[in-house]
Amino acid sequence: MFGRKTPTAVEPPPKPRSHAPTEDDDSLCDLPELEQLWSPEPQTARTSVESLLLERNQISEEQLAQARSVQAQTPGKAISQILLTMNAATEAQVLSALAETMGLPFEVPEKAKVEQAAFELLPVDYIRKHQVLPLRIEAKALFLGMAEPTNVFLLDEIRRKTRREIRQVVVTPGDLNRVVEQLTSGTTDLKVDEIIKDMADDDVQLVKEDKDDVTDLEKLGSESPVIRFVNYLIFDALKQGASDIHIEPKEKALKVRYRIDGVLFEAMNPPYAMHPAIVSRLKIMSNLDISERRLPQDGRIRAVIHNRKIDLRLSTLPTVAGEKVVMRILDNRSINVQLEDLGFSEDALTIWKRQIDEPHGILLVTGPTGSGKTTTLYSSLRQMDGNKLNIATVEDPIEYHLTQANQVQVHEKIGMSFSAALRSLLRQDPDVIMLGEIRDPETANIAVQASLTGHLVLSTLHTNDAPASITRLINIGVEPYLISSAVNAILAQRLVRKTCSHCKEEYEPSDEMKQYLMLQGFGSQKAVRGKGCDRCRKTGYSGRLGIYELLVMDDNLRDLVTANPDVTNLRKVCRERGLVSLREDGFDKVQKGLTTVDEILRVTESGL
């Protein structure tokens, strides 16, 4: 048994009681738990965190004034937290200043300097949950790294758990989790070892945002199975042509899925115990807050994989089983596609090229998320002469970089909305403006005014077909007569999977399918499908192409739009005037053997 702790400093005098002592009071005082409660050492008054940051020239007077202004509008939030949110100061700078105000040391922990005997005093789950790191033992006292040094109740709990005196050391959450990952990632499942045995640490290299040089992942962590496994995930997903990586925790299970050609496939099931380490590794790579597990976070990873530059947009989402992570792979090779290769029919391609050569007006590309709208817009911009035209884009976020355009990132939190950016662009003498999306009345009306004053505006809408885009703009708040004057053309599109060229075969469809194909204008009783091979993962499909519905405004349609028609009537008139619907364009590609009937039925509605 351990006796009373010898105080390391003069204990403050006891506070006077507000009432006479009772029998209950005496019994409480005899409890050893209360006798040994941790109490901070007496300290002299010190300056504030923000004052220290200012003295160290780590923030400016303007930033401090702005933080105080924000604090006045959000009572209860510390200025240091506001400065972090503003990116005015780093986490290390804030915690270093906080440590000085509390009279505590600030350290950057390293794996080699952490004593194993000290680290084993607390369970790993407890260390991760409470963001504490036992560093070393000196003179029977435990030096404890803490990301929240003001939590005195946690200090007392750890003192009782370890039965040692505690000496606080302030560390950042990122450094703490980095060292914990290094110390705990030495063992893993044998299957994972088999998967990653051929992976080298330099197969995936990070690219720092603020520098041009490439940084090996090894600098952010040790040579551990977790690091190599994350490298393998990214490398394998890219190799298989995936657009997204899903890391999904289930109850006592972990599932990794790839989205390939628009469909999710289960890729592997790593050991469930690896989930926290995998998520922490990805957060380190994308500079996210590792200690925050209750709120969604978004980040970005820039990497080089075998001399190929890749951007990954990372999103975390807390679920009941843990944090789910989704990574969107942004590969310039996948977006750098010519208009001729997207799947346009000859007539639609000729008309669309003519439309993007127009000097003014609005061109809309519509469809649900993941239907290839961004690819179509970027391919259209690449057709333009960037040397003779001033091309500008407003996007949220900027996923791919165009050399011939000036790209603007939207920042809603600081007031840089689509409409605000568009107003500024109009003072930049643009010829062509590409808007990521028209989503509110202000942006829609500014886009219309821009087109009417001699600018070509390209943008997207989320509607099911081309005629519905007209009523969508009216519902947003644009006057019908303005729409009829400004809009030149509307392109609705979907992406369908292409039949695998390596295992393509003709087959005899069922009688019911034959009858349906006859109604769709098929002259042949044969159909084409992919039998399934190793190159297409036994699916029968490899790659994707677009199906399109192109509506070009003429004088009759402009008169009809001015009269504010309902979408059913408008769609009927467009069909009568020769509009090729999405489903009709899809079945034309089925006849050419490019895709299958099942794919067209999967992505289109019966009315489309």
Side-chain angles (χ1 to χ4, degrees), residues 335 337-340 342 344 348-367 372-396 398 400-408 410 418-461 463 466 469-470 472-473 476 478-479 481-493 548-555 557-558 561:
I335 200 75
V337 183
Q338 299 298 319
L339 277 175
E340 292 79 4
L342 293 179
F344 281 98
L349 179 61
T350 302
I351 296 171
W352 183 251
K353 281 187 173 181
R354 190 181 306 137
Q355 290 298 322
I356 63 178
D357 286 336
E358 292 291 331
H360 56 78
I362 294 179
L363 301 179
L364 294 175
V365 180
T366 75
K373 300 187 297 295
T374 301
T375 302
T376 300
L377 287 177
Y378 276 40
S379 298
S380 300
L381 292 179
R382 287 195 183 94
Q383 292 283 319
M384 303 177 184
D385 189 348
N387 294 322
K388 295 181 180 179
L389 298 174
N390 180 14
I391 304 172
T393 74
V394 183
E395 303 169 70
D396 183 24
I398 297 174
Y400 303 95
H401 295 280
L402 286 171
T403 55
Q404 61 265 61
N406 303 295
Q407 296 174 276
V408 179
V410 171
F418 273 105
S419 56
L422 183 53
R423 278 195 300 268
S424 298
L425 277 182
L426 291 176
R427 295 191 287 270
Q428 293 281 316
D429 185 31
D431 296 300
V432 180
I433 299 172
M434 194 271 274
L435 284 174
E437 181 184 354
I438 294 178
R439 60 176 69 167
D440 58 74
E442 189 176 8
T443 303
N445 281 292
I446 296 174
V448 168
Q449 295 301 325
S451 68
L452 294 176
T453 54
H455 305 90
L456 183 64
V457 180
L458 292 82
S459 188
T460 69
L461 276 178
T463 58
S469 301
I470 299 293
R472 171 64 176 156
L473 289 175
I476 285 178
V478 183
E479 293 293 339
Y481 72 90
L482 291 176
I483 297 173
S484 65
S485 302
V487 176
N488 289 353
I490 303 171
L491 179 71
Q493 68 177 73
Y548 300 95
E549 177 181 281
L550 179 56
L551 172 62
V552 179
M553 300 291 287
D554 57 19
D555 291 340
L557 280 178
R558 293 185 195 278
V561 170

- Query: Quick check: does any side chain N or O of E549 sit under 3.5 Å from a backbone N or O of A492, one acting as donor and the other as acceptor?
  - Reply: no
- Query: Just by distance, do the side chain of N488 and the backbone of H360 share a donor-acceptor pair under 3.5 Å?
  - Reply: yes
- Task: Go through Y378 and M434 one step at a time and tell me if the side-chain contact (heavy atoms from CB on, under 4.5 Å) criterion holds.
- Result: CA-CA 9 Å; Y378 276 40; M434 194 271 274; 3.4 Å; yes
- Please examine the side chains of V561 and M553, heavy atoms only from C-beta on, and report whether any two atoms are closer than 4.5 Å. yes
- Task: Measure across R382 and Q404 and return the closest heavy-atom pair with its distance rounded to 0.1 Å.
- Result: CA-NE2, 3.1 Å
- Message: If I take atom CG from residue L364 and atom CG from residue L377, how far apart are they, to the nearest 0.5 angstrom?
- Response: 9.5 Å
- Do V410 and V394 pass the side-chain contact (heavy atoms from CB on, under 4.5 Å) test, and can you show the C-alpha distance, the side-chain angles, and the key distance before you say yes or no? CA-CA 7 Å; V410 171; V394 183; 3.6 Å; yes
- Task: Determine, stepwise, if the pair V365 / W352 fulfils side-chain contact (heavy atoms from CB on, under 4.5 Å).
- Result: CA-CA 11 Å; V365 180; W352 183 251; 4.1 Å; yes
- Can you name the nearest heavy-atom pair linking G436 to T460, along with the distance? O-OG1, 2.6 Å
- Item | From CD1 (I490) to CD (Q355), nearest 0.5 Å | 11.0 Å
- Only residue of L342, V337, L458 satisfying side chain to side chain contact (heavy atoms under 4.5 Å, CB included) with T376 is L342
- Query: Atom CG in D385, atom CD1 in I391: separation rounded to 0.5 Å?
  - Reply: 8.0 Å
- Item | Closest heavy-atom pair and its distance - I356, S380 | CD1-O, 3.9 Å
- Message: What's the separation between atom CD1 in I362 and atom OG in S469, rounded to the nearest 0.5 Å?
- Response: 11.5 Å
- Query: Atom CD1 of I398 and atom CD of Q407: how far apart are they, to the nearest 0.5 Å?
  - Reply: 5.0 Å
- Item | Audit row: L482, L473, side-chain contact (heavy atoms from CB on, under 4.5 Å) steps and yes/no | CA-CA 10 Å; L482 291 176; L473 289 175; over 6 Å; no
- Message: Please check this pair: side chain of N390 against backbone of D431, looking for a donor-acceptor N/O pair closer than 3.5 Å.
- Response: no
- Note on the structure: F344 and L339 have their tightest heavy-atom pair at CD1-O, 3.7 Å
- Could you tell me whether the side chain of R558 and the main chain of V487 form a donor-acceptor pair under 3.5 Å? yes
- Item | Approximate separation, where rounding is to 0.5 Å, of I433 CD1 and L456 CG | 9.0 Å
- Query: How about E340 and K353: do any of their side-chain heavy atoms sit closer than 4.5 Å?
  - Reply: yes
- Query: Hey, does the side chain of T443 reach the backbone of R439 with a donor-acceptor pair shorter than 3.5 angstrom?
  - Reply: no
- Note on the structure: Heavy-atom nearest pair, A489 first then L550, reads CB-CD1, 4.4 Å
- Message: Looking at every heavy atom in both V457 and S451, which two are closest together, and how far apart are they?
- Response: CG2-N, 4.1 Å
